[in-house]
Amino acid sequence: MSEQLVESEHRVTSLELFFDLVFVFAFTQVTTLLLDHVSWGGLGRGLLVLAVLWWAWASYAWLTNTIDAEAGPAMAVILIAIGAMFVGALAVPEAFTGIVSSSGWRSSSSW
């Protein structure tokens, strides 16, 4: 292996693995959303949520590969992102319930 490749290797940190675990939890929450709304519309909404989660995960994967995740400020930002992602993951099953329309009418029925 060339010396340049060895220098560019990046070992995965425990923080990155924990962050991935939070995303796995978020992805499993999508299955709960799909089970609650078994229809073509429910499938579409589940795929929409899955696409947003996938985009967020890919962005943070790129970020942690670009910077040193163990550095002070970067670690603080990643910890805040982990907390925000966990709260967001808890909200996934109820993502499309209780939507307020432009007329102010609140729909509490499931789609």
Side-chain angles (χ1 to χ4, degrees):
M1 192 178 281
S2 72
E3 186 175 321
Q4 185 180 15
L5 286 176
V6 172
E7 289 177 9
S8 68
E9 280 187 16
H10 174 72
R11 298 201 55 95
V12 178
T13 65
S14 298
L15 183 66
E16 291 172 300
L17 291 175
F18 182 65
F19 195 65
D20 288 343
L21 187 61
V22 170
F23 271 99
V24 167
F25 173 68
F27 291 140
T28 60
Q29 289 292 85
V30 174
T31 61
T32 303
L33 175 68
L34 290 170
L35 286 174
D36 289 343
H37 306 285
V38 182
S39 67
W40 288 109
L43 178 63
R45 288 184 289 281
L47 289 174
L48 178 66
V49 172
L50 188 63
V52 170
L53 289 174
W54 193 270
W55 171 77
W57 176 80
S59 298
Y60 277 103
W62 170 82
L63 179 66
T64 56
N65 283 330
T66 304
I67 63 170
D68 180 18
E70 296 285 314
M75 186 177 209
V77 169
I78 292 172
L79 284 171
I80 290 169
I82 288 173
M85 191 68 218
F86 184 70
V87 170
L90 290 173
V92 165
E94 301 297 323
F96 294 98
T97 57
I99 296 175
V100 177
S101 69
S102 60
S103 65
W105 177 73
R106 182 165 188 205
S107 169
S108 61
S109 63
S110 62
W111 292 31

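Just so it is clear, the model here is predicted, and its values are computed rather than measured.
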- Could you state whether I78 and F18 fall into the same hydrophobic cluster, counting links through intermediate Ile, Leu, Val, Met, Phe, Trp or Tyr residues with side-chain heavy atoms under 4.5 angstrom apart? yes
- Item | Closest approach of V30 to G46 (non-hydrogen atoms, all atoms of both residues) | CG1-O, 3.7 Å
- Other residues, nucleotides, ligands: >12 heavy atoms within 6.0 Å of F25 CZ: yes
- Query: With sequence neighbours left out, which residue pairs that include part of residues 77-93 fulfil the side chain to side chain donor-acceptor pair (under 3.5 Å) condition?
  - Reply: none
- Message: If hydrophobic clusters are built by linking Ile, Leu, Val, Met, Phe, Trp and Tyr wherever their side-chain heavy atoms come under 4.5 Å apart, do V24 and L33 end up in the same one?
- Response: no
- Consider only side-chain heavy atoms of I, L, V, M, F, W and Y, link residues closer than 4.5 Å, and tell whether F27 and V52 are in one cluster. no
- Enumerate the residue pairs fulfilling side chain to side chain donor-acceptor pair (under 3.5 Å) with a member in residues 23-34, sequence neighbours excluded, ordered by first and then second residue. none
- Message: By the side chain to side chain donor-acceptor pair (under 3.5 Å) test, which pairs, at least two apart or in different chains, include something from residues 80-96?
- Response: E94-T97
- Excluding sequence neighbours, so at least two apart, what forms side chain to side chain contact (heavy atoms under 4.5 Å, CB included) with S59? W55
- For Y60, all residues meeting ring-ring contact (aromatic ring centres under 6.0 Å, His included), sequence neighbours excluded: F19
- Query: If you look at every heavy atom in F23 and L53, which pair is closest and at what distance?
  - Reply: CE2-O, 3.7 Å
- Message: Please say yes or no: joined through hydrophobic side-chain contacts below 4.5 Å, possibly via intermediate residues, are L79 and V77 part of one cluster?
- Response: no
- Smallest heavy-atom separation, L35 atom then V38 atom, equals O-CG2, 3.4 Å
N/O donor-acceptor pairs under 3.5 Å from side chains in residues 82-92, not counting sequence neighbours:
none

- In short, L34 meets G42 closest at the heavy-atom pair CD2-O, 3.4 Å
